[in-house]
Amino acid sequence: MSDPVVILSERLLEAMRAALGDALPPDADPLLAPSRNPEFGDFQANAAMGLAKRLGEKPRDLAQRIVDNLRIHDIAEEPTIAGPGFINIRLKPSALSAALGAMSDASLGVESIGGARTAVVDVCGVNLAKQMHVGHLRASVIGDALARIYERLGWKVFRQNHFGDWGLPIAMVTDAVKRGAERGEINLDNITLNDLERMYRRAQAECAADTRGLEAVRKYGLGPKAEAELEAQVQGAQEQMERSKAALIALQRGDPEFVSVWEKLCEVTLGACFDICRRLHTRITDASTAGESTYRDELAGVVEDLLARGVAEVSEGAVVVRLDEFGIKEPCLIRKRDGGFLYATTDMAAVRRRVQQLGGDRLIYAVDARQSLHFKQVFAAATKAGYARTKSGDNAELLHAAFGTVLGEDNRPFKTRSGDNVKLSDLLDEAVSRAEAAVAEKNPDLSADERRTVAEAVGISAIKYADLSSDRIKDYVFSFDRMLAFEGNTGPYLLYALVRVKSILRKAQDELGICVSEAVGFSVNEAQEKALALELLKYAGMVRSAGDACEPHRLCGYLYSLATAFSSFFENCPVLRAPDEATRDGRLRLAALTGRVLEDGLTTLGLVPLERM
RNA sequence: GACCCGGUAGCUCAGUUGGAUAGAGCAGCGGACUUCUAAUCCGCAGGUCGGUGGUUCGAGUCCACCCCGGGUUGCCA
């Protein structure tokens, strides 16, 4: 409540009203912002310039009239006017200390909406029989961070792992595994995800008929032997494809022999997925997983419903939803000419379930930016169909939190030398082992046990932070060296800043018997103390802004500047060796609050805070 | 072709609703450890914000056109 931004904004608005009376436009805003440069003060109000233009006055005169009517002497020094009409305000130390005291409760100033709204966040999106790779890293890490941010703001949150467990390719691999097991080549009881991935690829290759090759051989007369080989290949592929289609039908019918194999494949894939999600400290579990298969019985109904209501129409044999009224030229295809459904059909059903069953007011999709047209279409089509209508009758907000591609050092999509996707588990292992080497070097006193714990936290946090800290829409270059560096805007740097805070608090308690006391004021006299204090006050606003924009990197950037403000304070303002007791206790309080904000912020991003490292 | 996203220091990136002298880190140069964790801090140097025009008191930010890179584009997901 005693957030100075709120108080100053109110007082400024009162002053503007007093200065302008009826001439004040109803939407007038004091435009209060933290000053960029400390020499201008702590806060600046930029309203005078814009208002003056609208009212035909001189901006500096108007600024003066606002200042003449401004009553803030209880919390601030005498305001000054600078440049074309900036109003610069410097808080009194007592007010700054009081503001910090007010945000020191459990909320840290972040107001909770108490579950009044529901967010559904699409995360992870693994596929059956496939290893997780860097694409899933982003969908999991960014999605989970957004979910945590919304939870921190008091929303009710559902994570939804849209598991790719249905369709013809899935039937292909199911059929291949089933036959392998029947021939005794595969033991279903100890099959691994690696095995599945291998079989998936082989099954796909076997179904791909080389008809072009055959045509070429015939056209250029490359010989009866080559022609015979290719004919055999094409025929074999066609047979495989027929078998796969039959397998899909068997699965759709619920044939127990196929279903039991398919269930095993789901179990193996998801088991590996949840292991990684747990290791990544993301809260993605079985409960947050809804496979595409769970929509299978809804798809025909969706298409029929839309056709019946004239939302969809038949075009060139396919069923489409036209979206011209949304400014989208490409129609959304929801049924193929052969009667099959598409991923847009499933996504439409998913919007309906997320809004109408889960109660989502805001749906957020942490998904690759290359799918942006797809989501534009699905969102428009779902809205047109009424599937996005909430119980209160409003349309839910449908947001694509699109992210860019992870690149290798060569600026091309991150792949192995042979062009395969890099396994996420391998990446995590390498980050942790590099972190462990660094920990062993920097802090040899840690026990082997603690070293492993610290390395795990540092390695995982480093990878996650690298993914979260730049604007999500942009591609970024994956570099162990950079993400594990201890200087700059990195996960380890933030963890280290928190460790230093914890170390002070530990020493204060264990060696000097001092606890942080609510009775003393915060010490905000030195430049570094004041800079840190002003930074702390921004926390709640940054969490809100990161949530509103679905941009975790805003919170990252904030935590980094908080950590640098603390580091500067740490170097220049000794806490336990402060010149007097009041300063010491006031600095201790500042350190303690910094620690709480850092820890809360790191947790809100899904990073792993540490006591020591 | 159309549409979407990028382009800011040598490199990797921030830049809030249009605000004061465009900020960090790395790399480079120079300092600070008998000290609360130096995994750090302090200083110096480094810029045609892709280009041109426009809007205005003020543009990296908004508008128009253009250049470069990436992506998407009716029956894969």
Side-chain angles (χ1 to χ4, degrees), chain A residues 29 31 33-37 39-40 44 46 49-50 52-53 58-59 82-86 88 125 127 164 166-169 292 315-320 327-338 340-344 346-347 368-374 376 402 404-405 407 411 413 438-439 441-443 445 458 469-471 473-477 479 481-482 484-490 492-493 495-497 499-508 511-512 541-542 545 549 553-554 556-557 560-561 564 567-578 587-588 591 612-613:
Chain A
D29 184 331
L31 296 176
S35 295
R36 278 176 186 248
N37 189 334
E39 75 187 51
F40 296 136
Q44 60 183 50
N46 302 333
M49 285 89 77
K53 181 162 60 177
K58 288 186 182 166
F86 298 105
N88 289 331
N127 295 304
W166 205 244
L168 189 59
E292 292 178 356
S315 164
E316 299 170 37
V319 177
V320 306
I328 303 169
K329 271 187 247 163
E330 300 85 345
C332 184
L333 270 80
I334 56 173
R335 195 173 72 193
K336 296 190 282 183
R337 199 185 329 207
D338 68 5
F341 303 113
L342 296 108
Y343 72 142
T346 310
D347 277 329
D368 195 304
R370 282 172 291 198
Q371 303 214 17
S372 94
L373 174 60
H374 166 69
K376 247 187 226 172
T405 306
L407 306 175
N411 268 317
V439 176
E441 184 202 326
K442 307 284 186 188
N443 197 347
D445 298 340
V458 170
S469 58
S470 63
D471 194 350
I473 195 66
K474 293 185 180 176
D475 298 347
Y476 79 94
V477 176
S479 159
D481 287 335
R482 205 165 36 247
L484 281 161
F486 302 109
E487 50 278 308
N489 190 7
T490 68
Y493 179 84
L495 296 192
Y496 179 62
V499 160
R500 291 169 113 189
V501 176
K502 297 274 186 173
S503 177
I504 293 177
L505 298 178
R506 212 163 37 233
K507 287 221 157 128
E511 294 174 19
L512 303 170
M542 293 311 306
S545 145
H553 84 286
R554 297 187 186 213
C556 295
Y560 177 58
S561 58
T564 53
S567 293
S568 193
F569 161 82
F570 183 92
E571 300 288 334
N572 293 288
C573 306
V575 177
L576 302 180
R577 283 159 231 263
R587 285 180 179 171
L588 195 59
R612 42 171 70 84
M613 62 191 274

Side-chain heavy-atom pair A:L576, A:E511 within 4.5 angstrom cut-off: no
Quick check on B:G7: is either OP1 or OP2 less than 4.0 Å from any side-chain nitrogen or oxygen of A:K474? yes
Under a 3.5 Å cut-off for both contacts, is B:C3 paired Watson-Crick or G-U wobble with anything, and if yes, with which nucleotide? B:G71
Taking only the P atom of each, what is the distance from B:U16 to B:U55 in whole angstrom? 24 Å
Using whole Å, report how far CE of A:M49 lies from C1' of B:U17. 13 Å
If B:C65 has a Watson-Crick or G-U wobble mate with both distances under 3.5 Å, name it; if not, just say none. B:G51
Would you mind classifying the nucleic acid contact of A:C556 as base, sugar-phosphate or nothing, using non-hydrogen atoms under 4.0 angstrom? nothing
Donor-acceptor pair under 3.5 Å: do we get one between A:S315's side chain and the base of B:G74? yes
Scan A:N127 against the nucleic acid and name what it touches under 4.0 Å (heavy atoms): base, sugar-phosphate only, or nothing. nothing
I want to confirm an ordering. Mapping A:F86 and A:Q371 to their closest nucleotides on RNA chain B, which one lands closer to the 5' end? A:F86
Min side-chain heavy-atom separation A:E316-A:R337 under 4.5 Å: no
Indicate, with a heavy-atom threshold strictly under 4.0 Å, whether A:R500 touches base, sugar-phosphate, or nothing. sugar-phosphate
What's A:L333 touching, base or sugar-phosphate or nothing? Going by heavy atoms closer than 4.0 Å. base
Identify the nucleotide, in any strand shown, that forms a Watson-Crick or G-U wobble pair with B:C44, with both distances under 3.5 Å; if there is none, say none. B:G28
Candidate pair A:F570 and A:V501, rule side-chain contact (heavy atoms from CB on, under 4.5 Å), full reasoning: CA-CA 9 Å; A:F570 183 92; A:V501 176; over 6 Å; no
A:R370 CZ to B:C5 C1', straight-line distance once rounded to whole Å: 12 Å
Which is true for A:S35 with a 4.0 Å heavy-atom rule: it touches a base, it touches only sugar-phosphate, or it touches nothing? nothing
Measure CD/A:E571 against P/B:A38 and give the value in whole Å, please. 7 Å
Is A:N88 touching bases, backbone alone, or none of the nucleic acid, heavy atoms closer than 4.0 Å? base
Measure the shortest side-chain to side-chain distance between A:Q371 and A:Y343 over non-hydrogen atoms and say whether it is less than 4.5 angstrom. yes
Choose from B:C76, B:A20, B:U72 the nucleotide whose nearest atom is closest to any side-chain atom of A:L373. B:U72
B:G6 and B:C49, which share atom name C1', separated by this distance in whole Å: 14 Å
Less than 3.5 Å between a donor and an acceptor, one on the side chain of A:Y343 and one on the base of B:A77, is that the case here? yes
Using a 4.0 Å heavy-atom cut-off across all strands, classify A:Y560 as base, sugar-phosphate, or nothing. sugar-phosphate
Answer with base, sugar-phosphate or nothing: what part of the nucleic acid does A:P492 contact at a heavy-atom distance below 4.0 Å? nothing
Does B:C13 have OP1 or OP2 sitting under 4.0 Å from an N or O in the side chain of A:H553? no
Quote, to the nearest angstrom, the P distance that separates B:G47 from B:C57. 32 Å
Can you check the A:Q44 CD to B:A20 P distance for me, whole Å? 7 Å
Is the glycosidic torsion of B:C33 within 90° of 0, making it syn, or is it anti? syn
Roughly how far apart, to the nearest Å, are B:G71 and B:C26 at atom C1'? 29 Å
So, A:Y493 and B:A39: ring centres less than 5.5 Å apart, planes less than 30° off, yes or no? no
Would you mind classifying the nucleic acid contact of A:P84 as base, sugar-phosphate or nothing, using non-hydrogen atoms under 4.0 angstrom? base
B:G50 to B:C41 separation - C1' atoms, rounded to the nearest Å: 37 Å
With a 4.0 Å cutoff (strictly under), does any side-chain N or O of A:R577 reach OP1 or OP2 of B:C36? yes
Which is true for A:N37 with a 4.0 Å heavy-atom rule: it touches a base, it touches only sugar-phosphate, or it touches nothing? nothing
For a quick check of understanding: with a heavy-atom distance under 4.0 Å over all strands, which category does A:A369 fall into, base, sugar-phosphate or nothing? nothing
For B:C33, which nucleotide is its Watson-Crick or G-U wobble mate, given both distances must be under 3.5 Å? none
Applying a 4.0 Å non-hydrogen cut-off, can you work out what A:A402 is touching in the nucleic acid: base, sugar-phosphate, or nothing? nothing
I'd like to know whether A:D347 forms a side-chain contact (heavy atoms from CB on, under 4.5 Å) with A:H374, so could you lay out the CA-CA distance, the side-chain angles of the two residues, the decisive distance to 0.1 Å, and finally the verdict. CA-CA 10 Å; A:D347 277 329; A:H374 166 69; 2.7 Å; yes
When the P atoms of B:C62 and B:C68 are compared, how many Å lie between them, rounded to an integer? 23 Å
Return the value, rounded to whole Å, for the distance between atom CG of A:D338 and atom C1' of B:C76. 12 Å
Please examine the side chains of A:F86 and A:N46, heavy atoms only from C-beta on, and report whether any two atoms are closer than 4.5 Å. yes
Does a side-chain N or O from A:S568 land closer than 4.0 Å to OP1 or OP2 of B:C42, or not? yes
Remember a base hit wins even if backbone is also touched, and classify A:E39 as base, sugar-phosphate or nothing at under 4.0 Å, heavy atoms. base
Test side chain to side chain donor-acceptor pair (under 3.5 Å) applied to A:Y560 and A:S469, step by step: CA-CA 10 Å; A:Y560 177 58; A:S469 58; over 6 Å; no
Nucleotide nearest A:Y496 when distance is taken to its side chain, options B:A39, B:A14, B:A77: B:A39
If you measure from the P atom in B:U61 to the same atom in B:G70, how many Å do you get, rounded? 25 Å
A:L31 CG to B:G19 P, straight-line distance once rounded to whole Å: 10 Å
Side-chain heavy-atom pair A:L505, A:L588 within 4.5 angstrom cut-off: yes
Check whether any side-chain heavy atom of A:V320 sits under 4.5 Å from a side-chain heavy atom of A:C332, and report yes or no. no
Separation of B:C36 atom P from A:L505 atom CG, nearest Å, is 15 Å
Answer yes or no: is there a side-chain heavy-atom contact under 4.5 Å between A:I504 and A:R587? no
Quick one: is A:K442 getting a side-chain N or O under 4.0 Å of the B:A38 phosphate, OP1 or OP2? no
Have a look at A:V320 and say if it touches a base, only the backbone sugar-phosphate, or nothing, with a 4.0 Å heavy-atom cut-off. base
Nearest to the side chain of A:L576 - B:G6, B:C36, B:G15? B:C36
With rounding to the closest Å, how many angstrom separate the P atoms on B:G74 and B:C66? 25 Å
Taking for A:S567 and for A:G83 the nucleotide of RNA chain B with the nearest heavy atom, the one nearer the 5' end belongs to A:G83
Starting at CD of A:E487 and ending at P of B:U12, how long is that distance when rounded to a whole Å? 18 Å
